[in-house]
Amino acid sequence: MTMYTVDVYSGSDDSIIRDSHAQGVIVKATQGTGYVNPKCNHQVALAKSLDKKLGYYHYAGGGDPVVEADYFLTNIKNYIGTGMLVVDWESYQNSAWGDTTWVRRFVDRVHDKTGVWPVIYVQESAIWQVANCAKDCGLWVAKYASMNWNSWTVPNMPVSSGAFAAITGWQYTGGDMDRSIWYIDESGWDKFAKANTANPAPQVQPQPQSKPVSAPKTWTDDLGVVWHEEKATFTLNTAINLRWGATTKSALIATLPAGSEVEYDAWAKSGGYIWIRQPRGNGQFGYLVCRDGNGQAFGTFK
């Protein structure tokens, strides 16, 4: 049996929680040691009113993992035992990214104080960073067929479990909302909320889905830059120059302020950055940087 969930944060619309496909909702609770989601209680209450399974996640900031674990637990003390606990291990705003001991120390602290082993959320390419937690914790993998895959249909693609015996959950969209499939049933979900239950085995294993993924189109422009088709919206979190070409030497169209939304149709690596292409009509395009050479995003995608 499988389950489907969404995960939400302060910027998520309530309609995501209400989506009838989602049997569970995982709510962002804290980040680092200085942020609490101001909508956490509201989002939890709404999910409860709809009789959905619950989870609570802490976004790793890269500080002392014991201190961050304590901060997380202090702020969710009334929820412990009512839902899955999750540590979100990502590169963005995480000064400890690449540290293979950080998550291990975080989950050990949570377990020491609650008896509960958190589930670990991580992108497929970074599972190696949390491999030393495989015997105790469930694995929630992030891997998308496309940022434009805005459907509850699970894509047909391989997903690695790394050192873990199996994948517990797979977040397979990151566009209009974060959708995940879990290879457990509701009783299996409940086990993750309970003390002294180490990594309950998924009741079913991932199976190929019937609908294949159409590979995005790629092409090479006159400058030798390889472009990949992807239609989505990028919201800037800082001012960025919009140019007539995918190079910092190209003529400036405008400087877009933070908060601007750019609809784009393709992305490419050029000059040490990730660029996106904005259709501007009459066959013309604008180009702007969306990530640096380390993959750090200068905004958000949907």
Closest approach of [X] and [Y], non-hydrogen atoms and distance?
| X | Y | result |
| --- | --- | --- |
| Cys137 | Ile120 | CB-CD1, 3.9 Å |
| Arg109 | Ala69 | CG-CB, 3.6 Å |
| Pro155 | Trp149 | CD-NE1, 3.5 Å |

Derivation and outcome, side chain to side chain contact (heavy atoms under 4.5 Å, CB included), residues Arg291 and Phe301: CA-CA 11 Å; Arg291 295 183 186 272; Phe301 300 85; 3.3 Å; yes
Hey, can you tell me if Tyr79 and Tyr56 have their rings parallel, tilted or perpendicular (30° and 60° cut-offs)?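 The rings of Tyr79 and Tyr56 lie parallel, inter-plane angle below 30°.
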Going by the angle between their ring planes, with limits at 30° and 60°, are His58 and Trp102 parallel, tilted or perpendicular?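 It falls in the parallel class, under 30°.
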Whether [X] side chain and [Y] backbone form a donor-acceptor pair below 3.5 Å:
| X | Y | result |
| --- | --- | --- |
| Asp176 | Asn150 | no |
| Thr173 | Gly175 | no |
| Gln123 | Ala142 | no |
| Ser270 | Ala246 | yes |
| Glu68 | Gly63 | yes |
| Ser260 | Leu236 | no |

[atom2] on [Y] to [atom1] on [X], rounded to 0.5 Å:
| X | Y | atom1 | atom2 | result |
| --- | --- | --- | --- | --- |
| Ile17 | Thr5 | CD1 | OG1 | 12.0 Å |
| Leu288 | Ile253 | CG | CD1 | 9.5 Å |
| Arg105 | Asp64 | CZ | CG | 7.0 Å |
| Glu186 | Asp51 | CD | CG | 7.5 Å |
| Ile181 | Thr153 | CD1 | OG1 | 10.5 Å |
| Asn37 | Tyr9 | CG | OH | 10.5 Å |

Quick one, [X] and [Y] - any side-chain contact, counting heavy atoms below 4.5 Å?
| X | Y | result |
| --- | --- | --- |
| Gln171 | Ile26 | no |
| Thr168 | Phe192 | yes |
| Leu139 | Val122 | yes |
| Thr300 | Asn237 | no |
| Trp117 | Lys135 | no |
| Leu54 | Lys48 | yes |
| Val130 | Val107 | no |
| Leu256 | Phe234 | no |

Can you confirm whether Lys39 is buried at NZ, in the sense that more than 12 heavy atoms of other residues, nucleotides or ligands lie under 6.0 Å from that atom?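 Yes, because the 6.0 Å sphere around NZ of Lys39 holds more than 12 heavy atoms from other groups.
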Is the number of heavy atoms from other residues, nucleotides or ligands under 6.0 Å of Gln296 CD greater than 12?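 Yes.
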So, applying ring pair (Phe, Tyr, Trp, His ring centres under 6.0 Å) with Trp140, which one of Phe164, Tyr172, Trp182, Trp170 is it?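 Among Phe164, Tyr172, Trp182, Trp170, the one that satisfies the ring pair (Phe, Tyr, Trp, His ring centres under 6.0 Å) with Trp140 is Trp182.
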Result of checking Phe285, Trp267, Tyr287, Tyr264 against Trp227 for ring pair (Phe, Tyr, Trp, His ring centres under 6.0 Å):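 It is Tyr287, the one option of Phe285, Trp267, Tyr287, Tyr264 that forms the ring pair (Phe, Tyr, Trp, His ring centres under 6.0 Å) with Trp227.
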Salt bridge or not between [X] and [Y]? Use side-chain N to carboxylate O under 4.0 Å.
| X | Y | answer |
| --- | --- | --- |
| Asp136 | Arg104 | yes |
| Asp7 | Lys28 | no |
| Lys53 | Asp190 | yes |

Stepwise, does the side chain to side chain contact (heavy atoms under 4.5 Å, CB included) test hold for Tyr35 with Thr30? CA-CA 5 Å; Tyr35 176 81; Thr30 52; 5.8 Å; no
Would [X] end up clustered with [Y] when hydrophobic side chains under 4.5 Å apart are linked, directly or stepwise?
| X | Y | result |
| --- | --- | --- |
| Val67 | Tyr59 | no |
| Val66 | Ile76 | no |
| Trp219 | Val225 | yes |
| Val159 | Trp89 | yes |
| Val8 | Val36 | no |

Show, in sequence, the C-alpha distance, side-chain angles and deciding distance for Arg18 and Leu46, and conclude whether the side chain to side chain contact (heavy atoms under 4.5 Å, CB included) test is met. CA-CA 8 Å; Arg18 292 192 177 98; Leu46 177 58; 4.0 Å; yes
When you measure from the centre of the six-membered ring of Trp244, is the NZ or CZ of Arg280 closer than 6.0 Å and no more than 45° off the axis?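 Positive - Arg280 is close enough to the ring of Trp244 and near enough to its axis.
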Would Ser146 and Asn148 satisfy side chain to side chain donor-acceptor pair (under 3.5 Å), going step by step from the backbone distance to the final call? CA-CA 5 Å; Ser146 163; Asn148 199 37; 5.3 Å; no
Pair Tyr144, Met157 - check side chain to side chain contact (heavy atoms under 4.5 Å, CB included), show working. CA-CA 9 Å; Tyr144 314 141; Met157 60 191 297; over 6 Å; no
Would you say the side-chain atoms of Ser187 and Asp185 include a donor-acceptor pair closer than 3.5 Å?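 Yes, a side-chain donor-acceptor pair sits under 3.5 Å.
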